[in-house]
Amino acid sequence: MKEYNGVNDVGRQVLPEPWMSKAVGAASTADARRLVFPVLQPTGSRRLLQAGFLEACTKKQIFRTERQGCRMELIIYRGTHEIGGTMIELKTRGTRILLDAGYPLYYKGEIIDESWVKKPAKELLELGVIPQVKGLYQWDQPKFDAVILSHAHSDHYGLLKYIHPKIPVYLTEAAETLISLSLSFPIPKFRMENTMIFYMEKPFQIGDFFLKPYLMDHSAFDAAAFEIRAEGKTLIYSADFRNHGWKGYCLENFLQKAPKYADLLLVEGTNIGRKSESLPSESDVQQKVEAILKDSEGIVLFQASTQNVDRMISFYQAAEAQGKFLVVDVYVANLLSQLTRPNYRLPVPGGRYRAMKVFYPFPLGRLWQTKGREILCSFLPFIRSRISMRKISKKQKCIVMMVRPSMLSDLKKIELDPGDFIYSMWQAYRGKGSQVRFEKYLSSLGFQSHLAHTSGHASEAAIKQVIAELHPKRVIPIHTFHPEAFFAFSDKTEVFQDSWVIKV
């Protein structure tokens, strides 16, 4: 994509690419040697920010602050006592920014009805699904300077469609790709516009704020934590993280480089209180999948998040180790292809990944009719890796196939023999009607059901490690139903309510 003075040919602005030393090494396990996620290195002739930029800017900011007597303020619109739907405002006298703009996972303690996303904005405002924030949405005069997205999960970006289009959205290139693709299937009513691309460990400025993102291990690809400075204060936002995935080394890198004794740490606590949920490593998940594949006498179907790249790697490596073909639909194939860079070795159908085949679900025919060449061109690279329903039916014992409830009509045409079904997602989603009907159908065919999953969020031990090694002056739990549990982790813990104004 061509760029002219920092603006590319679709209007997306690109922040300078990162100045980085050697990419952080892969996890030490043998399973992760072939497929790793090093940080992107500088390419082309883009201008690099000078070393010491953040520190120099901060010193100037402290001097200005001491003269004016300003203070940074924080408002958590959602997340003080809730998982998902994260929205956090940071403001100074002259700048307002929003950290994440998430659609909620819950409503009054229950999983939110998935059909609510189609409700008009006015009704969602009345229900509280869209928080009341002046100057943020399309129907207001824009008063925010930016929205910064930590990663591409809908509980952190799902309200983007309501944000005023004049407010720039800052995110990584991979996050932009993931969000754009998730909005493109089916055809979107919303298009990503006015975006600014940031790079890991490269500082950037928005008004009074100076931000430095860090790559984190999470079930969302290219997730970021942030060091944020303004008005002589330093705030650290962990966003969602863990250290038991294929990129577990990222947490150690973050703890080594992030500033110690920050004025405030916003840290997630999703898994606090989930006593029944174990946290195996991603390597453990892969080993369990391999064992299931080894014992299976029929086709193996699995269900995982289409955007959980770590999980796709685990299943690909497990299938390859057992001499089986991994079959994904063309949407997943296109997603992996779009994310792949020279330094990101992801399994993409074709080339060296001959054990991966591509299935074209029947509903995609409607997309071809609606979008024509635009959508067809994104599918063409995988024609040579295509596998038909007839071949899947004949080679069932050699197939490991990614599925989801919307593919039920296709599966019925394959005439499946009894096999194994692996559920590899958050268990709470299994209560949805479409999921229940899907699994009931597989059970009626004689499929054996298995669970092979691990959380995309930090363990209690990892949370304690972050607090202990960063030594923040204040700790505020977010993205958790149990903020009070943090009192046992640190005597610096403070618990607030949504929409309270907090002085940093």
Side-chain angles (χ1 to χ4, degrees), residues 70-93 95-109 112 125 127-136 143-144 147-150 155-156 159 208-209 211 225-241 258-259 261-274 457-458 460 462-464 466-468 470-504:
C70 301
R71 290 193 67 177
M72 189 197 314
E73 290 184 349
L74 164 72
I75 303 174
I76 304 170
Y77 290 108
R78 183 161 49 217
T80 60
H81 292 75
E82 181 177 348
I83 295 171
T86 303
M87 287 184 67
I88 304 165
E89 179 182 346
L90 287 175
K91 63 180 178 180
T92 63
R93 177 175 295 181
T95 309
R96 293 177 75 186
I97 63 175
L98 191 76
L99 301 177
D100 290 325
Y103 188 84
L105 293 174
Y106 294 89
Y107 184 75
K108 295 185 177 179
I112 195 166
L125 274 167
L127 290 168
V129 173
I130 300 177
Q132 298 279 355
V133 184
K134 293 293 184 181
L136 181 63
K143 300 294 183 181
F144 277 76
V147 174
I148 299 98
L149 300 184
S150 61
D155 66 319
H156 289 257
L159 295 185
D208 293 336
F209 289 97
L211 301 95
F226 294 92
E227 167 190 343
I228 305 170
R229 302 194 187 197
E231 308 293 5
K233 299 290 184 177
T234 300
L235 179 148
I236 296 176
Y237 173 43
S238 77
D240 292 355
F241 74 100
Y261 305 101
D263 294 283
L264 192 150
L265 169 65
L266 286 168
V267 60
E268 74 123 311
T270 306
N271 281 317
I272 303 302
R274 291 182 176 179
H457 298 271
E460 183 176 310
I463 294 169
K464 290 179 178 178
V466 168
I467 295 172
L470 292 182
H471 304 288
K473 297 175 184 177
R474 302 167 67 189
V475 176
I476 298 182
I478 55 170
H479 210 279
T480 180
F481 280 116
H482 300 282
E484 69 285 347
F486 281 71
F487 289 120
F489 304 165
S490 171
D491 59 2
K492 308 295 185 183
T493 297
E494 300 175 28
V495 175
F496 295 89
Q497 298 295 324
D498 288 354
S499 298
W500 285 14
V501 177
I502 304 167
K503 300 288 185 180
V504 178

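Here CZ of Arg229 is found 11.5 Å from CG of Leu235. Values are rounded to the nearest 0.5 Å. Atoms OG and CD1, from Ser238 and Ile478 in turn, are 5.5 Å apart once rounded to the nearest 0.5 Å. We find the CG-CD distance between Leu105 and Glu82 to be 8.0 Å, quoted to the nearest 0.5 Å. For the atom pair Ile83 CD1 and Asp240 CG, the distance stands at 9.5 Å (nearest 0.5 Å). Put simply, CD1 on Ile148 and NE2 on His156 are 14.5 Å apart, with the number rounded to the nearest 0.5 Å. Rounded to the nearest 0.5 angstrom, Thr80 OG1 and Trp500 CH2 are separated by 9.0 Å.
Considering only heavy atoms from C-beta on, Leu266 stays 4.5 Å or farther from His479 through its side chain. The shortest side-chain heavy-atom distance between Glu460 and Ile272 falls under the 4.5 Å cut-off. In this structure, Met87 and Leu136 have side chains that are in contact, with non-hydrogen atoms separated by less than 4.5 Å. Side-chain contact between Ile88 and Leu98 is absent, with no heavy atoms from C-beta onward closer than 4.5 Å. No side-chain heavy atom of Leu74 sits under 4.5 Å from any side-chain heavy atom of Phe496. Side-chain contact between Asp263 and Arg474 is absent, with no heavy-atom pair separated by less than 4.5 Å. Put simply, the side chain of Thr86 reaches to within 4.5 Å of the side chain of Tyr237, judged on heavy atoms. Side-chain contact between Leu99 and Ile228 is present, with heavy atoms from C-beta onward closer than 4.5 Å.
Between the Glu231 side chain and the Lys233 main chain, no donor and acceptor come within less than 3.5 Å of each other. For the pair Ser150 (side chain) and Ala239 (backbone), a donor-acceptor distance under 3.5 Å is absent. Here the side chain of Asn271 pairs a donor or acceptor atom with the backbone of His457 at under 3.5 angstrom.
Shown here for Pro131 and Leu125, the closest heavy-atom pair between the two residues is O-CD2, 4.0 Å. Of all non-hydrogen atoms in Pro477 and Glu494, the two that sit nearest each other are CD-O, 3.3 Å. Closest heavy-atom contact between Ile112 and Pro104: CG2-O, 3.4 Å. In terms of heavy atoms, Pro259 sits closest to Thr234 at CG-CG2, 3.9 Å. Between Thr493 and Phe487, the shortest heavy-atom distance links the atoms O-CE2, 3.5 Å. The two atoms that bring Ala258 and Leu470 nearest to each other are CB-CD2, 4.0 Å, heavy atoms only.
Salt-bridge check for Arg78 with Asp498: failed, with every basic side-chain N at 4.0 Å or more from each acidic carboxylate O. Between Lys91 and Glu73 a salt bridge is recorded (basic side-chain N to carboxylate O distance below 4.0 Å).
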**Request:** Please test Ile236 against Val466 for side chain to side chain contact (heavy atoms under 4.5 Å, CB included), starting from the C-alpha separation and ending with a verdict.
**Result:** CA-CA 11 Å; Ile236 296 176; Val466 168; over 6 Å; no
**Request:** Take Tyr103 and Leu159 through the test side chain to side chain contact (heavy atoms under 4.5 Å, CB included) and record every step on the way to the result.
**Result:** CA-CA 5 Å; Tyr103 188 84; Leu159 295 185; 3.8 Å; yes
**Item:** Derivation of the side chain to side chain contact (heavy atoms under 4.5 Å, CB included) call for Arg96 and Lys143
**Value:** CA-CA 7 Å; Arg96 293 177 75 186; Lys143 300 294 183 181; 3.5 Å; yes
**Request:** Kindly indicate, with the supporting measurements, whether the criterion side chain to side chain contact (heavy atoms under 4.5 Å, CB included) is fulfilled by Leu90 and Met72.
**Result:** CA-CA 7 Å; Leu90 287 175; Met72 189 197 314; 3.9 Å; yes
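Thr92 and Asp208 share a side-chain donor-acceptor pair at under 3.5 Å. Using modelled atom types and a 3.5 Å distance limit, the side chains of Glu89 and Tyr77 yield a donor-acceptor pair.
Ring pair His471/Tyr261 is parallel by interplanar angle, where below 30° counts as parallel and above 60° as perpendicular.
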